[in-house]
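No experiment lies behind these values; they were computed from the predicted model shown. Numbers restart at 1 for each chain; the letters A, B, ... are given by sequence-line order, proteins then strands.
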Amino acid sequence: MRVGLDDIISGVRRRDVWLYFAFSDTRARYARSVLGPWWITLGTAIGVIGLGMVWSSVMKINLSEMLPNLAVGLVIWFFLSGVISESSACYVNQSSLIKNYNLPLFTHNLRLISKHAINFLHNLAIVFVVFVIYGWPSGTNALWSLLGLLILFANLIWVSVVLSILGARFRDLGASIDALMPILFFLTPILYKKSDILGSSAWLDYNPIAMLFSIVKSPLAGEIDFYSYIIMAAVAIIGWFVAFSILSAKKQKVVFWV
Amino acid sequence: MSKITLNNLCLDFPVVSETGASLRKHLVRIGTGGIIASDHAKTTYVKALTDVNLSLVEGDRVGLIGHNGAGKSTLLRVLAGIYHPSAGTIRREGSIRTLFELGVGVDHELSGRKNISRLARLYNFNLANLDSDINKIEEFSELGGYLDLPVRSYSSGMQLRLLFAVATLYPSDILLIDEVFGVGDSGFQVRAKARIEDIMREAKIVVMASHSKEIISSFCNKIIRMEAGRVVELKNIKGDF
């Protein structure tokens, strides 16, 4: 555990590297465009409006009910799925940095997560606009959602560490995750609410991704499932232990795998 | 006090086979109880370094020589703390600067100036001096107005000048160099050589891998000859060897 803990602590300390690179990457990605990072927001906005129109008519739901639900859902989903699907290639993509600079591995995870957090913050503008139009959630519900966001972060970080190490060793992990992502999109209550389901909802009750997603989103729709918070907090604690142990055992191997 | 001590250091470099790198094949193997695990799913280990004993002290200017694949770059990366030994120990005191592959960490869409900020962080410069650092780099690399243009618009010589200027800006206690000579046009080469001499003078220990006898005999006072991952010769030199 010692090696893993050291790596995580010294990784966090290199904020000069990971935070700067996350911003710098975002800047570089949109270097030659007029809107810059706001392209992220525009893309998500188009997604929200487009999907909102189609699915509100498919499911016979008012647009005014559909849009807030979908805006919040998509913004959380892009963050969550972005971190999960990119993490498996995190160390492989940074292989030249890993082989040339003596940086803690966790720095690379933090860089990836902050990059997605920056996108997430840009996308929050859409949620803001939707709330202004369709009304704000109550203060209590917003706090539950924030608590959910914290637990989501805590979980995504350990997931990212574990996936990066496994992805460096097993090169088809990334492809497997990419293959799973579209189906997970439909198994997560993004386009619908849990209360919309008429049949069995077992696939939601036993789906950790959906639960992780729901603790952020459901409070905003007025549904608070207390147990989900406890379960996901427990998962975070166990997950961090797993991440520490794998990192301790494999940290020195990663440089040879990438 | 700067020093480097290696004791019976071995490094086995794992090379994961194509099948070994497949999670699917691992699962199939577990699922079938390992019966059809006849393919080469095992990881091959290359003995990159074997029983290396080395003690470097202040004043040592070491030239690492040997054929391709003899372990020069591997040894340098062990000295830098990037590779961890599979057996044996390494003890190291003093700050380290490495000149390995130049250009790692550069984003070609960003300006030279912004890339200096990136590299300064990777090289762990004191960021309080970043502005004056950028001025010094601008002066040395003679890139002038190009520093505000994206690096993708640079010629390869200009890129090297920028990278070299950043990498060699500060001296360190221990300097590790892996074949980075011959930078830019002839005018710049003269200054590059002077700069290398400067930081080598200030460094307490220098280890450089090179194939050029000329460079080694003009910069180094010791040579280490490596063959197949072992140190086969270590001697003091003066001028020619």
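Side-chain rings of A:Phe256 and B:Tyr83 approach one another, their centers coming within less than 6.0 Å. Proximity of the aromatic rings of A:Phe153 and A:Phe79 is defined here by a centroid distance below 6.0 angstrom, and this criterion is met.
For chain A, no part of B:Asn115 is nearby; none of its heavy atoms comes within less than 4.5 Å. Residue B:Ser117 touches chain A through both its backbone and its side chain, counting heavy-atom pairs closer than 4.5 Å. Contact of A:Ile98 with chain B is made through the backbone alone, with heavy-atom distances under 4.5 Å. Heavy atoms closer than 4.5 Å to chain B are found in the side chain of A:Arg14, but not in its backbone. Within the 4.5 angstrom heavy-atom criterion, no atom of B:Arg97 approaches chain A. Within the 4.5 angstrom heavy-atom criterion, only side-chain atoms of A:Leu103, from C-beta onward, approach chain B. Looking at A:Ala28, both its backbone and its side chain come within 4.5 Å of chain B, counting heavy atoms on both sides. Using a 4.5 Å cut-off between heavy atoms, B:Ile82 touches chain A through backbone and side chain atoms alike.
Counting heavy-atom pairs closer than 4.5 Å to chain B, the top residue among A:Arg171, A:Gln94, A:Lys253 is A:Arg171. Among B:Leu110, B:Leu122, B:Asn124, B:Asp107, the residue making the largest number of heavy-atom pairs under 4.5 Å with chain A is B:Leu122. Options B:His108, B:Arg118, B:Arg24 differ in how many heavy-atom pairs under 4.5 Å they form with chain A, and the most are formed by B:Arg118. Of the listed residues A:Arg27, A:Arg29, A:Gln252, the one with more heavy-atom pairs under 4.5 angstrom with chain B than any other is A:Gln252. Counting heavy-atom pairs under 4.5 Å between each of A:Ser176, A:Ser24, A:Ala168 and chain B puts A:Ser24 at the top.
Paired with B:Leu99 under the rule side chain to side chain contact (heavy atoms under 4.5 Å, CB included), one option of B:Leu163, B:Leu176, B:Ile196 passes, and it is B:Ile196. Residue A:Ile84 forms a side chain to side chain contact (heavy atoms under 4.5 Å, CB included) with just one option from A:Leu180, A:Ile177, A:Leu184, A:Leu212, and that option is A:Ile177.
Within residues 6-15 of chain B, the residues having any heavy atom closer than 4.5 Å to a heavy atom of chain A are B:Leu11, B:Phe13, B:Pro14, listed by residue number.
The residues B:Arg152 and B:Glu109 are annotated as salt-bridged, a charged nitrogen and a carboxylate oxygen being separated by less than 4.0 angstrom. A salt bridge is absent between A:Arg111 and A:Glu86: the closest approach of a Lys/Arg side-chain nitrogen to an acidic carboxylate oxygen does not fall below 4.0 angstrom. Taking a cutoff of 4.0 Å between a charged side-chain nitrogen and a carboxylate oxygen, B:Asp148 and B:Arg113 qualify as a salt bridge.
If you check the side chains of B:Thr168 and B:Arg195, you find a donor sitting under 3.5 Å from an acceptor. A side-chain N or O of B:Ser22 and one of A:Asp172 form a donor-acceptor pair less than 3.5 Å apart.
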For this session: Report the C-alpha distance between B:Asp133 and B:Tyr170 in whole Å, list the side-chain angles of each, state the deciding distance to 0.1 Å, and finish with yes or no for side-chain hydrogen bond (donor to acceptor under 3.5 Å, both in side chains).
Result: CA-CA 10 Å; B:Asp133 286 349; B:Tyr170 285 108; 2.5 Å; yes
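We find the CG-CZ distance between B:Leu49 and B:Arg230 to be 10.5 Å, quoted to the nearest 0.5 Å.
Residue pairs meeting the ring pair (Phe, Tyr, Trp, His ring centres under 6.0 Å) criterion with at least one partner in residues 13-35 of chain A, sequence neighbours excluded, do not occur; the list is empty.
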